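Protein chains get the first letters and strands the later ones, always in sequence-line order, with residue 1 at the start of each. Only a predicted model underlies this, so the values are computations on that prediction, with no experimental measurement involved.
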Protein chains: 2
Amino acid sequence: MESTATRMLDSAEKLVQTMGFNWFSYADIAQELGVRKASLHHHFTTKGDLGLALIERYIRQFQRALEEIDARQVDAAAKLAHYAKLYEDVLRGKRLCLCGMLAAEYGSLPEPMQAGIRRFFDFNEAWLAQIVTQGRRSGEFHLQGSARDVARMLMSSLEGSLLVARPYDDVERFAASASQIIASLRTPTLRERTRSKPSKGKRRSRA
Amino acid sequence: MESTATRMLDSAEKLVQTMGFNWFSYADIAQELGVRKASLHHHFTTKGDLGLALIERYIRQFQRALEEIDARQVDAAAKLAHYAKLYEDVLRGKRLCLCGMLAAEYGSLPEPMQAGIRRFFDFNEAWLAQIVTQGRRSGEFHLQGSARDVARMLMSSLEGSLLVARPYDDVERFAASASQIIASLRTPTLRERTRSKPSKGKRRSRA
DNA sequence: GTCTATAGGCAGATAGAC
DNA sequence: GTCTATCTGCCTATAGAC
């Protein structure tokens with residue numbers, strides 16, 4: 001059985017991800033759950049408190065999902081594909097990434113929420129950088145730039161792909177962008193390689 | 001001398017791009033311009049009217065900027081670099097793309113604004129697809145996928161790079177992502193080609 | 001922990017004088 | 001085109017009974 005606080009967070013999360021933090025009110029959640037606004041304020045005194053709780057829970061959920069990926073997948077490419085699937089599932093629910101939405105509204109949010117949003121991005125960046133490093137070592141990925149910069153590019157591109165795909169209510173649009181982004185990391189395929197000059201390729205230092 | 005309506009649009013545009021459409025009110029604009037709210041309603045009866053006017057003006061401005069690029073730049077790569085600069089300038093003003101912001105708030109907006117947001121993306125996609133086709137013909141770009149899909153990926157990635165970079169107030173973060181995205185289109189350089197293994201590496205199916 | 005009641009303010013919008 | 005005045009409704013938040 002879910003706690004009341006959890007149901008409140010679930011309802012708020014959906015509202016933020018679909019309509020934005022500045023659009024919804026306590027009345028919306030109260031109505032959906034069949035409680036009074038005052039009950040909401042008992043659990044989350046201010047709207048900022050609620051927003052921060054949302055971000056912190058979202059980070060924890062993402063953390064678990066990434067641990068799951070690390071545990072189940074071996075290849076860097078497979079890990080990355082599953083990472084993209086996480087985003088795709090969000091869009092399937094006709095939502096945006098919680099922190100993607102809040103990043104748009106960033107300037108209007110209380111400071112603790114702003115710090116939480118940056119923590120979410122920092123955490124994702126760190127995980128992705130690790131995957132990029134792994135993929136480069138294994139020869140799966142072909143790329144220039146630091147692992148950190150590639151990680152930032154990947155995260156930003158996926159966030160943007162969600163943002164742009166949603167108005168079209170088109171999961172395929174997202175999937176096409178995501179696979180194109182990921183493909184750009186892949187070592188050139190045989191067909192591409194056979195075009196290249198053979199020769200004494202030396203292993204490059206970090207680009 | 002700027003018309004009152006123009007100054008109203010300028011003020012509203014900045015508020016939307018920094019704080020979001022659902023955050024600001026007519027009172028904010030009225031205060032900044034030293035007029036009354038009723039004057040605003042005279043020019044833009046409803047907030048939705050104002051929002052739509054904002055989108056339409058933004059599209060016209062973008063159109064002019066892209067014509068400028070077409071007129072001044074010859075190479076597809078140079079055109080793309082200038083396109084990215086358009087985004088970078090937005091971030092320099094500590095703003096988001098108007099339609100990127102509105103895409104986040106999409107679900108909460110009146111239908112005419114929603115249609116306008118899609119027009120903006122469609123228009124950008126069409127221009128980018130043309131550049132991609134040009135670059136592929138000239139041999140500047142190396143890519144898989146249709147010009148349309150590459151165009152969508154580029155636009156989404158740049159929108160997302162703005163979104164993620166802004167909380168860090170870091171134009172360099174955007175620039176690094178943008179140049180990485182664009183670099184992924186470039187035909188492998190000689191130096192990159194020489195590194196590839198000749199050999200029978202087996203081709204994996206598309207991820 | 002949930003409720004009723006209410007404060008105090010601001011939202012989007014309109015009427016009508018100047 | 002701009003103003004004053006006003007409407008109606010919703011917002012976040014709190015006090016205090018149950």
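Residue contacts shown for Phe44(B) are absent, as no nucleic acid heavy atom lies under 4.0 Å away.
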Would you sort out whether Asp169(A) and Tyr106(B) count as a side chain to side chain donor-acceptor pair (under 3.5 Å), showing the intermediate values? CA-CA 11 Å; Asp169(A) 194 15; Tyr106(B) 189 83; over 6 Å; no

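Phosphate contact (OP1/OP2 of dT12(D), side-chain N/O of Thr46(A), threshold under 4.0 Å): absent.
Here the P atom of nucleotide dT4(D) and the CG atom of Leu40(B) are 14 Å apart, to the nearest Å. Note: CZ (Phe21(A)) to C1' (dC11(D)) measures 13 Å, nearest angstrom. Atom-to-atom, NZ of Lys37(B) to C1' of dT6(D) comes out at 10 Å; the value is rounded to the nearest Å. Distance CZ (Arg36(A)) to C1' (dA15(D)): 17 Å, rounded to an integer number of Å. As rounded to whole Å, 11 Å separates atom P of dC10(D) from atom CD of Gln31(A).
Of all nucleotides in DNA chain C having an atom under 4.0 Å from a heavy atom of chain A, the first and last in 5' to 3' order are dG1(C) to dT4(C).
Mapped onto DNA chain D by nearest heavy atom, Thr45(A) and Ser25(A) fall at different nucleotides, with Ser25(A) at the one closer to the 5' end. Comparing Trp23(A) and Ala38(A) by the nucleotide of DNA chain D whose heavy atom lies nearest to each, the residue mapping closer to the 5' end is Trp23(A).
The existence of a salt bridge linking Glu13(B) and Arg57(B) is confirmed by a sub-4.0 Å separation between a basic side-chain nitrogen and an acidic carboxylate oxygen. Between Glu56(A) and Arg119(A), at least one side-chain nitrogen of the basic residue sits less than 4.0 Å from a carboxylate oxygen of the acidic one, meeting the salt-bridge criterion.
When only modelled atom types and interatomic distance are considered, Asp28(B) and Trp23(B) share no side-chain donor-acceptor pair under 3.5 Å.
A ring-centre distance under 6.0 Å is found for Trp127(B) and Tyr83(B).
For Gln134(B), the side-chain contact (heavy atoms from CB on, under 4.5 Å) partners at least two apart in sequence or on another chain are Ala76(B), Lys79(B), Ile131(B).
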